[in-house]
Amino acid sequence: MNKIDLSGFKAAMGQYLRYVRGKKIEDASQKDLFNAVSSVVRMLLIDITMETEDRYTKADAKRMHYLSIEFLPGRLLSNNLLNLGIEKECRDILKTMNIDLDDLLNEEHDPALGNGGLGRLAACYLDSLATLDMPGFGYGINYDYGLFKQTIMAGEQRENPDFWPNRSSPWLLARSDVRCMVPVYGRIQGTEDREGEYNPMWVDWKLILGRVHDIPIAGFGGRTVNRLRLFSAWASEDFDMQVFNEGDYFRAVEEKIQFESISKILYPSDSMAAGRELRLVQEYFLVACSVQDIIRIYLKDHEGFDQFPDKVAIQLNDTHPALTVAELMRVLVDVHGLEWDPAWKITTKTLGYTNHTLLPEALETWPVSILKRVIPRHLQIIYEINRRFIELVKQRFPNNTRLVKSMSIIREGGEQRILMANLAIIGSHSVNGVARIHSELVKNNLVPDFYRLWPERFNNKTNGVTPRRWILSANPGLSGLITEAIGDGWISDLDQLKRLEPLVHDSVFLERFAQVKRANKIDLAEIIGETTYVEVDPDSIFDIHAKRIHEYKRQFLNVLNIVHTYLKIKEDKQIPGAPRTFIFAGKAAPGYVNAKLTIRLIHGVADVINNDPEVSPWIRVVFIPDYRVSLAEALIPGADVSEQISCAGMEASGTGNMKFAMNGALTVGTLDGATVEIAERVGLENLYIFGLKVDEIAAMRKHYNPRDYIENNPDLMRVMNVIRSDLFCKKDPGIFKRLHDAVVDFGDYYFNMADFSAYVETQNQVVTDYCNKKQWAERSILNTARTGYFSSDRAIREYADDIWKIKPFP
Ligand code: 26V
């Protein structure tokens, strides 16, 4: 690790407080001090950014640009200090000033510029790129409002705006020197050029400006700092003048407001986003700004576009930036005058596409009518791409109209729509899923015809998470213990955790490992007390289900087992073998009725159980509000059991599953997403796999009748009857009937009934096994020791070697 000189640290803090905040150090608030420390760290980051940039330029390095509508970086001060290797020294300096670093860390706003897994994955990947000294840069939107803040009122989710300091955060560097110009709206005028060739002109467009802020991304070891570039929308003065001159003052101001609202808010991932014109404009805005910036950087050191694919890779994080296919073509052909064929070659060689979901309701489609209004030239280009593509399909598979229909970018029948996944696949040289099983499903179920046409395009990149944030920073107790045992090489080479395996026979290590877990559980119990006012016992099993609330993730199934356990105690007088705390956290999309009802159900069940003196010594239920990166960092290290119980075939990968396992939790899970690979690596004896498998569900779906399961299982019948009763909703009778009916009357799409008995059995086994403390600790250690594969460093190396062809520049 490079040694960074901190001799001027104190003085720089003082100067910042004095000349930026106008305060003496003794008058500074905690927030002022946080800003002071961060601004000094930021100076160090900027120095390394410049040095890094020189290194890349000198080597004429190929660069990768990661386009994502979401990034969830989490708080940055702690991470930056650790990655720069100055955490300890900085803590000591602050101590001499009577400042506790931990107090300052808690002052930082946790930026919520993402919904969940997809945005957090993007952040982990940036961390790994910088750690591996690779030229990889994030491109996203600088929203004013991130994902809503969740509060709970009388057991119900309330959404509150989350304004994050998107101009004043110490981590944002305003690049007023860089500015992107984005044309939008207008119409196409068909004209002919001098040679008499058809030459369409996009006219009467309006201009939006993209303002640029960079967040520096420090790699572990302090050698490399890359950047995450975020754009915010701004209506230009020129644009104003034009309308002002037309004399309509109010329309001018209205339009200005309308354009500046493009980067106002992150859409929560639910059906609300679908079909909203503003969302499409957002996607286009990200794409247009990014492409312009990427080309500008490329042209600084290169002439012409022949070398473009050798110097530039662009990765599309899901289909939200899929318009890149059309925008890159537009810029190459319309702006830089390339012919269609070479432009198309360049485009497909440059782009790669990652799919993150198979859920039909989550696959993006846009009405042609909206594209026609917003980006008429792009629509034209998409039609031309499609025309040429269909020609190719007809050549390869003559007389097959079914194929043409299934692979066309345009879906006919009713309102014409653009299928964004088809556009992304046709425009990319690589298409990947995010876990082995998911990539197989992409090939064989989602787009089998594309797979038949281009098998070589399809590949898998199993997700990974950064051990810097998810072990080193989130779990200092465990990190210290690991480093003491095997040195600190594991931080940037997570496979080294394997060396912990023999230590399961070392009783001292075993004892200390268990102590770390217990200490983390005590910390977590305190947070639970502060946020839910429920007292929980750190010696009970901490069973955690933390992720977005969605029917496919089956929080409902978890509740069924809790209710079953409650009834066993209450009615059958059967006492469990060990006390358990069921911990939930997660946000429901604001318009998702059943997800919001599930949150109410959890609270209703919690109320009854926690207040029943006969039951509450054995089970307690809590829902911790406002799940976010910083809360995840507190939850995960304190988990004994990790719930990964999605309906098989629905969870593309999951990444929480990896974080829990690394931190020594034992998984209760279905064979879905990356849990399949976790099971292979930790060994079936070190987690709990249950339930129907993907092919079983596929085979059963046609004839599945959830009532058969209820009628044949008195325990399940009893549980479902209680759910339907008003026991958990005395004040709002009948509200949970809808959840009951979704399962009993509407087909139980996610197979809760079919998996119930296997889940209950598995949970009972967990309780039995937990009583053998020593064996549990051994298995917990093996989870940590055997999950090195799930480091995002491994994932990024695979992307770099197989798709991006980028190299490290240390
Ligand atoms: C979007 C929507 C929008 C409409 C309503 C329902 C719905 C459900 C899910 C989504 C998410 C789509 C993309 C996404 O976030 N996928 C997640 O990506 C993670 C990183 O690869 C992966 O670990 C998760 O399994 C996957 O759900």
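Order of listing sets the numbers, starting from 1, for every ligand and every atom in it.
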Atoms of ligand 1, numbered as shown, that sit under 4.0 Å from any heavy atom of Val434: 21 (O)
Proximity of Phe556 and Tyr750 rings by center, below 6.0 Å: no
N or O contact, Glu361 vs ligand 1, cut-off under 3.5 Å: no
Pairwise salt bridge (Lys or Arg N to Asp or Glu O under 4.0 Å) hits with a residue in residues 109-130, at least two apart: Asp127-Arg468
Donor on one side chain, acceptor on other, Asn657 and Thr667, under 3.5 Å: no
Per-atom contacts of ligand 1 with Tyr552, taking only distances under 4.0 Å to non-hydrogen atoms: 27 (O)
Among Cys124, Gly116, Ala595, Ala362, closest by any non-hydrogen atom to atom 1 (C) of ligand 1: Ala362
Part of Asn115 with heavy atoms under 4.0 Å of ligand 1, whether side chain, backbone, both or neither: neither
Side-chain donor-acceptor contact under 3.5 Å, Thr675 with Gln644: no
Any Met662 side-chain heavy atom under 4.5 Å of Ile636 side chain: no
Output field: ring centroids Phe584/Phe623 closer than 6.0 Å: no
Ligand 1 to Lys553 polar contact by distance, N or O atoms, under 3.5 Å: no
Nearest candidate to atom 23 (O) of ligand 1, where distance is taken over non-hydrogen atoms, out of Gly654, Ala589, Gly117: Gly654
Min N/O separation Ser653 to ligand 1 under 3.5 Å: yes
For His550, the ligand 1 atoms whose distance to one of its heavy atoms is below 4.0 Å: 6 (C), 8 (C)
Atom indices of ligand 1, in the order listed, that fall short of 4.0 Å to a heavy atom of Ala652: 25 (O)
Test side-chain hydrogen bond (donor to acceptor under 3.5 Å, both in side chains) applied to Ser646 - qualifying residues, sequence neighbours left out: Asp672
Ligand-residue contact atoms, ligand 1 with Thr357, heavy atoms, under 4.0 Å: 12 (C)
Ring-face cation contact, Tyr451 with Arg457, 6.0 Å cut, 45° max: no
Under-4.0 Å heavy-atom contact with ligand 1, by part of Tyr267 that carries it: neither
Which segment of Thr354 sits under 4.0 Å of ligand 1 when only heavy atoms are counted: neither
From the candidates Met658, His438, His356, the one that places a heavy atom nearest atom 17 (C) of ligand 1: His356
Ligand-side contact atoms (ligand 1) for residue partner Asp318, heavy atom cut-off under 4.0 Å: 13 (C)
Numbered atoms of ligand 1 (with element) below 4.0 Å of Leu359, judged on heavy atoms: 8 (C)
Ion pair Arg75/Glu633, N-O distance below 4.0 Å: no
SB check Glu651 Lys553 (cutoff 4.0 Å): yes
